[in-house]
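Side-chain atoms are counted along with the backbone in the values below, which use heavy atoms only and exclude waters and symmetry mates. Computed from a prediction, not measured in an experiment: that's the story for all the values here.
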Amino acid sequence: MRRIIRITSYLVFPIGILLVLEAVFLRDQTTLYTVTSTATALLGILPMGMELLISVSFISGQVLLSQRKVLVQNLYSLENLARTDIVCLDKTGTITEGQITVQSMSVVDQQPLPFDLNAGIQTFLNATEDNNATFIALQQYFGTTADPHLTVTATTPFSSERKWSSVSFDGHGTLIFGAPEVLAKHHLEQLPATVTTAEQAGKRVLCMAYTTTTPQHNQLPDNRIVAAVVLEDIIRKDVAATFAYFDQENIAVKIISGDNPIAVAEIAKQAGISQYQDYVDMSQITTPEALADVALKYAIFGRATPAQKQQLIACMQTQGHKVTMVGDGVNDVLALKEAAGSIAMNSGSSAAKHVAQVVLLDSNFKVLPHIIKEGRRVINNLTQVGSIFFVKCLYSIALSLFCLVMNMPFPFLPIQISVIDALVEGYPTFFLQFEVNTQKLGHRSIIWSLKRAINFAIMITVGIAVTYLIGQFTGMASQQTTDLMFFYTGWVTLYALAKACYPFNAFRSLILGSSVIAFFGGAFILQNIVSLHFATLGNFFNVVGITFLASQAFYWLVRGLQPWLPWTKSASN
């Protein structure tokens, strides 16, 4: 739309200057008539009505979504969300409720430690500055009472990249909390059976490891796993229906999580995601080429770092997909910023909510289909009725050029164009934009609307040119010629409105019918104000009938030429 406005703005200045110079020096018209005539042409060139329609349409979508506790922070993000064909989700706090609890803790290594394990864990939790949902759950389960015999000498905070954190004690070694596969490194066979069993059941597992050394430069030292903690997070009740809607609409669902891929796949299965078996461990993906290969192949991505989340979305979008990311944590921020559409849970981190285009105020996952439907409604209606506004923009440009060539004033007055604007363009499109229309967008866009308007603009331009030439050849009074041009333009614009209303239903038929009655009735009743003159009612019907037949003839002529018109290939007229 910005490009269209820029182009039309560039046309306004040269066309306006030429129209004024021609009127003053070649036709010797008065200043008042010159300004009025030129202003009518130039105001039609600028697609102001379309700009207003876009703003009102997106605002209406924003207001309707707010009733479902959805905060739209970026007004135009509804278009990206409407075009979504891949939805990427974090697991914790998105598919699950994010209310993490500790289900159990089991000791897996009976070798003695230089301190009591429970006391060490409590001191660890007291010393760490980590305050995410996982560590809050650990603190609630174990407590945070520090052992006075354990002096903390160093801490390593948790990182989504490293997937572990540590606390070192003076003379007593170091405790490390982290993902089992990360702590075990290349010795996965050493993982206790409790870890594998819990992950296969869809549980999240953290392990506590011990080492006698202090981690240096954030590098994980050799260690031995001493305990396993099983965490539980409840799946949201409404996710199955949401995923069923995505399947129905052929919107692919991908889960990108930092947890074990087997556990994530089990959660996906319980949530109703059909491709739950297509999972990959992102810790084994080390090159950009490998990442690009798995981006579209798999549905479940486990052990993904924040950078990998961003890279996966970038790869999907590079391959022509519109991706929406749904997340709630700081580790989702990069992905939220990368995605075309971004949605954050209100229960998540402030950073995620700050960068997201849309925030679910009550963290209600089942509202996602409504967001996509509302976006589709806005864009479908906007592109469907937008062609009506572009008709005036295009024929104003073409008529201005014709007037320059023929050395004639612009054929309409501002009040006459205003009648068409109000009764054929403004009033109907205002109500049509609120109609429910959740069909897939396909290739619909502003350019699609512009192409749909070209044939109607050609009909108006050619019809007015022919009317002017006939009037000049037959010596018809200028007032009669103007009346014919006005009603002919009204008829063709009504055809454009009828095209926007097709296929007809009761509501669209009412809008079209009322617009026809309002336009012709208003033109007759207000003929003096609109600068139209009809001696009798019969004269009025004669003009309306003649222009109807002329518009019909041009309509079917243009319809017959459609196969040879290149712009009709991507936009049916």
Distance only, no hydrogens: is a donor on one side chain within 3.5 Å (strictly under) of an acceptor on the other, for [X] and [Y]?
{"X": "Tyr395", "Y": "Thr489", "answer": "no"}
{"X": "Tyr555", "Y": "Arg559", "answer": "yes"}
{"X": "Trp491", "Y": "Thr547", "answer": "yes"}
{"X": "Tyr495", "Y": "Ser551", "answer": "yes"}

Step-by-step side chain to side chain contact (heavy atoms under 4.5 Å, CB included) determination, Val323 to Leu312: CA-CA 10 Å; Val323 180; Leu312 283 168; over 6 Å; no
Partner set under salt bridge (charged side-chain N to carboxylate O under 4.0 Å, His left out) for Lys91, not counting sequence neighbours: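 By the salt bridge (charged side-chain N to carboxylate O under 4.0 Å, His left out) rule, Lys91 matches Asp259.
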[X] side, atom [atom1]; [Y] side, atom [atom2] - distance, nearest 0.5 Å:
{"X": "Ile397", "Y": "Leu42", "atom1": "CD1", "atom2": "CG", "answer": "10.5 Å"}
{"X": "Gln275", "Y": "Asp247", "atom1": "CD", "atom2": "CG", "answer": "8.0 Å"}
{"X": "Thr461", "Y": "Ile454", "atom1": "OG1", "atom2": "CD1", "answer": "11.5 Å"}
{"X": "Ile7", "Y": "Ile45", "atom1": "CD1", "atom2": "CD1", "answer": "13.0 Å"}

Check whether [X] reaches the backbone of [Y] with its side chain - one donor and one acceptor, N or O, closer than 3.5 Å.
{"X": "Glu374", "Y": "Ile371", "result": "no"}
{"X": "Arg452", "Y": "Ile388", "result": "no"}
{"X": "Gln433", "Y": "Phe430", "result": "yes"}
{"X": "Gln62", "Y": "Val72", "result": "yes"}
{"X": "Arg236", "Y": "Lys366", "result": "no"}
{"X": "Gln479", "Y": "Ser531", "result": "yes"}
{"X": "Asn437", "Y": "Asn380", "result": "no"}
{"X": "Lys392", "Y": "Gly44", "result": "no"}
{"X": "Gln73", "Y": "Lys353", "result": "yes"}
{"X": "Thr481", "Y": "Ala477", "result": "yes"}

Residue pair Met316, Lys254: steps toward the side chain to side chain contact (heavy atoms under 4.5 Å, CB included) verdict: CA-CA 11 Å; Met316 296 173 196; Lys254 297 181 182 293; 3.3 Å; yes
Would you name the heavy atoms of [X] and [Y] that are closest together and state the gap between them?
{"X": "Leu368", "Y": "Ile343", "answer": "CD2-CD1, 3.5 Å"}
{"X": "Gln357", "Y": "Asn80", "answer": "NE2-ND2, 4.2 Å"}
{"X": "Ser515", "Y": "Leu497", "answer": "OG-CD2, 3.6 Å"}
{"X": "Val253", "Y": "Ala299", "answer": "O-CB, 3.8 Å"}
{"X": "Ser387", "Y": "Gln384", "answer": "OG-O, 3.5 Å"}
{"X": "Phe504", "Y": "Ala498", "answer": "CZ-O, 3.7 Å"}

Report yes if the side chains of [X] and [Y] come closer than 4.5 Å at any heavy-atom pair, otherwise no.
{"X": "Ser514", "Y": "Tyr427", "answer": "yes"}
{"X": "Phe412", "Y": "Ile464", "answer": "yes"}
{"X": "Val385", "Y": "Pro428", "answer": "no"}
{"X": "Tyr76", "Y": "Asn74", "answer": "yes"}
{"X": "Glu51", "Y": "Ile5", "answer": "yes"}
{"X": "Phe389", "Y": "Leu52", "answer": "no"}
{"X": "Ile273", "Y": "Phe246", "answer": "no"}
{"X": "Val355", "Y": "Ser342", "answer": "no"}

Under-4.0 Å salt bridge between Asp278 and Lys297: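 Here Asp278 does not pair with Lys297 in a salt bridge, since their nearest N and O are not under 4.0 Å apart.
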Evaluation steps, salt bridge (charged side-chain N to carboxylate O under 4.0 Å, His left out), between Glu435 and Arg508: CA-CA 9 Å; Glu435 191 177 20; Arg508 296 176 183 178; 2.9 Å; yes
Residue that, paired with Glu249, satisfies side-chain hydrogen bond (donor to acceptor under 3.5 Å, both in side chains) out of Lys373, Lys440, Arg376: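 Per the side-chain hydrogen bond (donor to acceptor under 3.5 Å, both in side chains) rule, the option paired with Glu249 is Arg376, out of Lys373, Lys440, Arg376.
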Option passing ring pair (Phe, Tyr, Trp, His ring centres under 6.0 Å) with Phe534 (candidates Phe486, Phe520, Phe541, Phe540):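 Between Phe534 and the candidates, ring pair (Phe, Tyr, Trp, His ring centres under 6.0 Å) is satisfied uniquely by Phe540.
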NE2 (His354) with more than 12 external heavy atoms under 6.0 Å: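 No - once you tally the heavy atoms of other residues, nucleotides and ligands closer than 6.0 Å, there are 12 at most.
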Neighbour count above 12 (heavy atom, 6.0 Å) for Tyr502 OH: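 Incorrect, the count does not exceed 12.
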Side chain to side chain contact (heavy atoms under 4.5 Å, CB included) evaluation trace for Met406 with Leu469: CA-CA 10 Å; Met406 300 301 297; Leu469 294 175; 3.8 Å; yes
Qualifying residues under side chain to side chain contact (heavy atoms under 4.5 Å, CB included), relative to Pro409, sequence neighbours excluded: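 So Pro409 forms a side chain to side chain contact (heavy atoms under 4.5 Å, CB included) with Arg27, Gln29, Tyr33, Ser37.
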Test log, rule side chain to side chain contact (heavy atoms under 4.5 Å, CB included), inputs Met1 and Met50: CA-CA 9 Å; Met1 192 63 206; Met50 190 63 189; 3.7 Å; yes
